[in-house]
Chemist: 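So that we are looking at the same thing, I have put the structure below in structure tokens.
Along the sequence shown, the residues carry numbers beginning at 1. In this text, all values refer to a predicted model and were calculated from it rather than measured experimentally.
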Amino acid sequence: MLGQLLGVMEALTPPQLIAVLIIPVLFAIIVHEVAHGWVAKLLGDPTAERLGRLTLNPIKHIDPLGTILVPIVAYVFTGFIFGWAKPVPITWQNLRHPKRDMAIVAAAGPGANLVMALLWGLIVKIGALLPASAAWFSRPLMLMGVGGLYVNVLLMVFNLLPLPPLDGGRVAVGLLPGPWAWRLSRVEPYGFIILLALMYLGVLGLVAGPVISFFTNLISWFTGLG
């Protein structure tokens, strides 16, 4: 089923593709950031809450370039989602166990994307169960669901790459012994340059592609779409 729906999406015009992806992309990026702030609050840092960032109101999170334009262009031309919202501020000094808790806070974003991918998969399944007479509603719903599933899996896998300042890099810094964590953290100023180089050279696709396929197939099986 997913393969058929992906074929339909590939045939969409750019305006149609944007219409299908805009809501999933916004939710994927915004909920990802809110998850960071919410987990930080649970671990002792109320900074995001005090600044009004624990909200799904997109106005509080949207970066017009990073949240809307870049993800859509990246997906259309590369098949990867590359984008960002305004980072949720975290005051690491407020955390009860800063090194460990920063790793947990970082993991919360990709974790939220995994949950959303599952929910979008269920939306596809619900759309498939609707009667044929409701195709005017179920077809767009299923396409949006497939878009949401893939967008969230792509964002999750992308952010779990062990490269600061990505979430995976921050998780690795939190888990590695002190000297190794320090060395990895020093890569952060060059992280996006390295990432763009890996994307340009095709290495990112070779590394992330099998992981993306694994999670997509797993969610497909779990939601009964396989």
Side-chain angles (χ1 to χ4, degrees), residues 1-36 38 55-62 64 66-85 108-160 167 205 208-226:
M1 182 186 298
L2 286 181
Q4 294 175 343
L5 291 170
L6 281 175
V8 173
M9 289 186 69
E10 289 173 358
L12 297 178
T13 64
Q16 290 173 326
L17 189 61
I18 290 171
V20 167
L21 290 178
I22 188 67
I23 291 177
V25 167
L26 283 175
F27 268 99
I29 295 176
I30 290 171
V31 174
H32 177 106
E33 290 298 329
V34 172
H36 287 314
W38 181 70
T55 174
L56 296 181
N57 179 357
I59 295 174
K60 294 285 188 177
H61 302 282
I62 284 179
T67 312
I68 300 174
L69 182 60
V70 171
I72 292 174
V73 171
Y75 182 76
V76 170
F77 288 101
T78 71
F80 285 93
I81 294 295
F82 177 72
W84 58 88
N113 289 127
L114 177 60
V115 172
M116 284 187 286
L118 287 167
L119 292 176
W120 283 114
L122 291 173
I123 286 175
V124 177
K125 184 64 175 180
I126 291 170
L129 294 175
L130 293 176
S133 59
W136 61 272
F137 173 74
S138 62
R139 185 179 176 86
L141 182 70
M142 292 170 69
L143 291 176
M144 188 177 294
V146 170
L149 193 162
Y150 274 92
V151 162
N152 278 283
V153 170
L154 288 170
L155 271 178
M156 178 189 69
V157 173
F158 174 81
N159 274 285
L160 284 176
D167 294 328
V211 184
I212 290 168
S213 295
F214 170 79
F215 278 103
T216 302
N217 292 334
L218 182 64
I219 292 170
S220 178
W221 169 81
F222 186 81
T223 55
L225 298 175

Chemist: Do side-chain atoms of Ser220 reach the backbone of Thr216 as a donor and acceptor pair under 3.5 angstrom?
Modeler: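 Absent.
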Chemist: Tell me, with the steps shown, if Val34 and Thr55 meet side-chain contact (heavy atoms from CB on, under 4.5 Å).
Modeler: CA-CA 7 Å; Val34 172; Thr55 174; over 6 Å; no
Chemist: Would you say that more than 12 heavy atoms from the other residues, nucleotides or ligands in this model lie under 6.0 Å from the CG of Leu12, or not?
Modeler: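 Yes, the 6.0 Å shell around CG holds more than 12 heavy atoms from other groups.
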Chemist: Under the side chain to side chain contact (heavy atoms under 4.5 Å, CB included) rule, collect the residues that match up with Phe214, sequence neighbours excluded.
Modeler: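 Result, side chain to side chain contact (heavy atoms under 4.5 Å, CB included) vs Phe214: Leu218.
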Chemist: Could you grab the distance from atom CG of Leu21 to atom CG of Leu17, nearest 0.5 Å is fine?
Modeler: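 Taking CG in Leu21 and CG in Leu17, the distance rounds to 4.5 Å.
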Chemist: Could you report the tightest heavy-atom contact between Val20 and Met144, atom names first, then the distance?
Modeler: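 For Val20 versus Met144, the nearest heavy atoms are O-CG, 3.7 Å.
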Chemist: Throw together a table of side-chain donor-acceptor distances under 3.5 angstrom for residues 112-128, partners on residues two or more places apart or in other chains.
Modeler:
unit_1: Asn113; atom_1: OD1; unit_2: His32; atom_2: ND1; d: 2.7
unit_1: Asn113; atom_1: ND2; unit_2: Ala28; atom_2: O; d: 3.2
unit_1: Asn113; atom_1: ND2; unit_2: Asn152; atom_2: OD1; d: 2.9
unit_1: Lys125; atom_1: NZ; unit_2: Gly224; atom_2: O; d: 3.1

Chemist: Can you list the residues that meet the side chain to side chain contact (heavy atoms under 4.5 Å, CB included) rule with Ser133, with sequence neighbours excluded?
Modeler: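 By the side chain to side chain contact (heavy atoms under 4.5 Å, CB included) rule, Ser133 matches Pro131.
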Chemist: Going by side chain to side chain contact (heavy atoms under 4.5 Å, CB included), Val153 matches just one of Val157, Val151, Leu155. Which one?
Modeler: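 It is Val157, the one option of Val157, Val151, Leu155 that forms the side chain to side chain contact (heavy atoms under 4.5 Å, CB included) with Val153.
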Chemist: How close do Pro24 and Gly148 get, heavy atom to heavy atom, and via which atoms?
Modeler: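 Where Pro24 meets Gly148 most closely, the heavy atoms are CB-CA, 3.5 Å.
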Chemist: I need the minimum non-hydrogen distance between Gly109 and Asp167, along with the two atoms involved.
Modeler: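 Smallest heavy-atom distance, with atoms named: CA-OD2, 4.5 Å.
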Chemist: Can you name the closest pair of heavy atoms from Ser138 and Ala135 and give their distance?
Modeler: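 It is OG-CA, 3.3 Å.
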Chemist: Among Ile30, Ile29, Val25, Ile23, find the residue that satisfies the side chain to side chain contact (heavy atoms under 4.5 Å, CB included) test when tested with Phe27.
Modeler: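 Checked Ile30, Ile29, Val25, Ile23 against Phe27; only one passes side chain to side chain contact (heavy atoms under 4.5 Å, CB included): Ile23.
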Chemist: Atom CE of Met142 and atom CG of Leu149: how far apart are they, to the nearest 0.5 Å?
Modeler: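 If I round to the nearest 0.5 Å, the distance is 12.0 Å.
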